[in-house]
There are 2 protein chains.
Amino acid sequence: MTESVQTASRQEQKERTRQAILASALELTRTEGFAQISLRQVARHAGIVPTAFYRHFDSMDELGLALVEQSFSTLRRMIREAQRDPKVFDNIIDAAADVLVEAVKHSKAHFAFVARERVGGSAAVRRAIQHELDLFVSELAVVLARLPNIENWATEDVQMVSRLFVRNMVSNAEEVVEMPDGRPDLEEKIKEGARRQMRLIVIGFRDWKS
Amino acid sequence: MTESVQTASRQEQKERTRQAILASALELTRTEGFAQISLRQVARHAGIVPTAFYRHFDSMDELGLALVEQSFSTLRRMIREAQRDPKVFDNIIDAAADVLVEAVKHSKAHFAFVARERVGGSAAVRRAIQHELDLFVSELAVVLARLPNIENWATEDVQMVSRLFVRNMVSNAEEVVEMPDGRPDLEEKIKEGARRQMRLIVIGFRDWKS
DNA sequence: AGATTGAGTGAACGTGCGTACACTCAAAGT
DNA sequence: ACTTTGAGTGTACGCACGTTCACTCAATCT
């Protein structure tokens with residue numbers, strides 16, 4: 001119970017090393033894909049000896065799952081913050097496009113990791129990402145179900161539209177990830193494209209089954 | 001010029017081995033992702049010694065590019081055949097959904113390869129796939145531009161819609177790839193989802209900018 | 001003050017890898 | 001009938017890998 005300032009030191013140091021490992025893996029994943037980076041590479045980049053890796057993760061696969069968790073918690077935080085902004089109610093489409101581009105730009109490495117490992121990763125990592133995305137679809141469906149044109153749709157139709165939105169969000173995120181830095185024109189182009197796609201879908205809403 | 005029956009023998013044998021290498025790589029890629037299968041694995045699976053691999057490809061990267069080419073030529077042939085079918089004019093949406101599911105089912109391994117390596121592969125393979133997909137978007141845009149509601153749209157709007165279609169085609173293909181065999185119910189569900197998404201977009205067309 | 005814990009070390013292992021090199025031996029060319 | 005060609009062989013190399021094991025030594029606990 002006498003833990004206060006000094007007690008933190010050991011735990012803190014361990015946590016710092018853990019974060020260094022995560023950051024190193026993310027950095028190395030920028031160019032290579034998680035499945036082809038090695039435990040030794042990660043350890044080297046994090047400034048520790050290969051065996052020390054095992055003090056933090058049982059295997060590279062567990063490190064991958066930790067990265068998935070970290071990536072999605074980042075994204076969730078950003079979306080929660082954006083929802084507080086009142087202007088999203090006025091123009092949900094423009095707001096969504098802005099949030100998307102900003103979020104991806106802010107944590108590019110995380111998004112690049114998710115985009116790539118969603119289809120290319122190990123089975124475990126792939127499943128974890130798919131699960132998170134499925135959660136997203138369901139959450140978004142709840143939000144959509146409250147919109148004027150949609151409130152009396154069949155549940156499965158709302159789910160479908162939600163999938164359509166998330167799917168396009170993922171695709172647009174991929175584009176932003178591959179966007180070179182310092183090109184605000186390209187960024188604006190992607191935003192504009194995203195806005196148009198969403199508008200198109202929303203227009204489809206209005207006349208759905210009419 | 002005296003090449004007739006016997007002359008083919010050497011060439012034929014070489015071609016047969018080449019196809020064995022391609023097929024082996026495709027087979028191994030089912031579970032592992034192209035970047036993490038080794039030259040030696042491919043050679044072993046194809047029934048040759050590792051060094052013999054070099055008689056056919058300079059590197060694994062070139063093998064990957066050959067697989068991209070093979071995959072897309074398969075897809076192109078299928079779409080060309082489907083376009084001859086007169087019923088695609090009556091109901092282009094249902095026809096597209098059918099073609100998609102059938103094509104992916106017919107050469108699942110090729111589609112799985114493309115879907116995975118599109119984002120997870122080496123830079124060269126990724127670029128090759130992106131190039132092929134860009135071609136597809138342009139080709140589809142030409143077809144779309146002839147449709148009644150679209151004929152006087154701005155070119156960039158048509159391109160955007162075309163991207164939207166191809167993007168969703170890719171996503172749906174991913175779903176079919178991950179679909180377990182012998183589940184016609186799941187297959188029909190994916191088809192139905194694809195139909196709905198396309199209908200939604202088409203409805204958006206009608207009222208675009210009105 | 002002394003004992004315990006546990007993050008990080010360093011050497012060593014077996015394995016699979018890509019690639020080099022010199023080779024065989026039928027088919028194809030002359 | 002001979003030479004040439006070239007797909008496929010077999011050995012051998014150096015290297016990076018994941019994992020093992022016995023270790024150090026400062027922070028923490030008693």
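Source: prediction; values computed, not measured. So you know, we letter chains A, B, ... as the sequences are listed, proteins then strands, and number each from 1.
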Take the protein atom [atom1] of [X] and the nucleotide atom [atom2] of [N], then report the distance between them rounded to whole Å.
X: B/Gln19; N: D/dA7; atom1: CD; atom2: C1'; value: 16 Å
X: A/Phe53; N: C/dG8; atom1: CZ; atom2: P; value: 12 Å
X: A/Met60; N: D/dG18; atom1: CE; atom2: P; value: 7 Å
X: B/Arg16; N: D/dG8; atom1: CZ; atom2: C1'; value: 15 Å
X: B/Ile48; N: C/dG18; atom1: CD1; atom2: P; value: 13 Å
X: B/Glu12; N: D/dA7; atom1: CD; atom2: P; value: 15 Å
X: A/Gln41; N: D/dT19; atom1: CD; atom2: P; value: 15 Å
X: B/Glu15; N: D/dG6; atom1: CD; atom2: C1'; value: 16 Å

#### Entry: Test log, rule side chain to side chain contact (heavy atoms under 4.5 Å, CB included), inputs A/Lys191 and A/Glu187
CA-CA 6 Å; A/Lys191 268 191 200 174; A/Glu187 178 189 321; 4.1 Å; yes

Salt-bridge test for [X] and [Y]: reply yes if a basic N is under 4.0 Å from a carboxylate O, no otherwise.
X: A/Glu178; Y: B/Arg126; value: no
X: B/Arg84; Y: B/Glu81; value: no
X: A/Glu192; Y: A/Arg195; value: yes

### Task
Please check the phosphate of C/dG6 (OP1 and OP2 only) for any side-chain N or O of A/Gln13 closer than 4.0 Å.
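For C/dG6, OP1/OP2 do not have a side-chain N/O of A/Gln13 under 4.0 Å.
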
### Task
Could you tell me whether the phosphate oxygens of C/dG8, OP1 or OP2, come under 4.0 Å of any side-chain nitrogen or oxygen in A/Arg18?
no

### Test item: B/Leu144 and B/Trp153 side chains (from C-beta on) under 4.5 Å apart, heavy atoms
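No; the side chains remain at least 4.5 Å from each other.
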
Per [X] side chain, nearest of listed nucleotides [options]:
X: B/Ala52; options: C/dA27, D/dG8, C/dT9; answer: D/dG8
X: A/Lys14; options: C/dG8, D/dA27, C/dA7; answer: C/dA7
X: B/Tyr54; options: C/dT19, D/dA26, D/dG8; answer: C/dT19
X: B/Arg10; options: C/dG6, D/dT5, D/dT19; answer: D/dT5

### Task
Test for a donor-acceptor pair under 3.5 Å between the base of C/dG10 and the side chain of A/Thr51, counting only N and O atoms.
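Between C/dG10 and A/Thr51, which were checked side chain against base, a qualifying N/O pair under 3.5 Å is present.
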
### Task
By nearest nucleotide on DNA chain D, pick out whichever of A/Arg55 and A/Arg44 is the more 5' one.
A/Arg44

### Residue pair A/Ser71 / A/His110: nearest heavy atoms and the distance that separates them
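Smallest heavy-atom distance, with atoms named: OG-CD2, 3.0 Å.
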
### Message
Please give me every residue in residues 25-40 of chain B whose heavy atoms get under 4.0 Å of an atom in DNA chain C, ordered by residue number.
### Response
B/Ser38, B/Leu39, B/Arg40

### Query
Does a donor on one side chain sit under 3.5 Å from an acceptor on the other, for A/Gln70 and A/Gln19?
yes

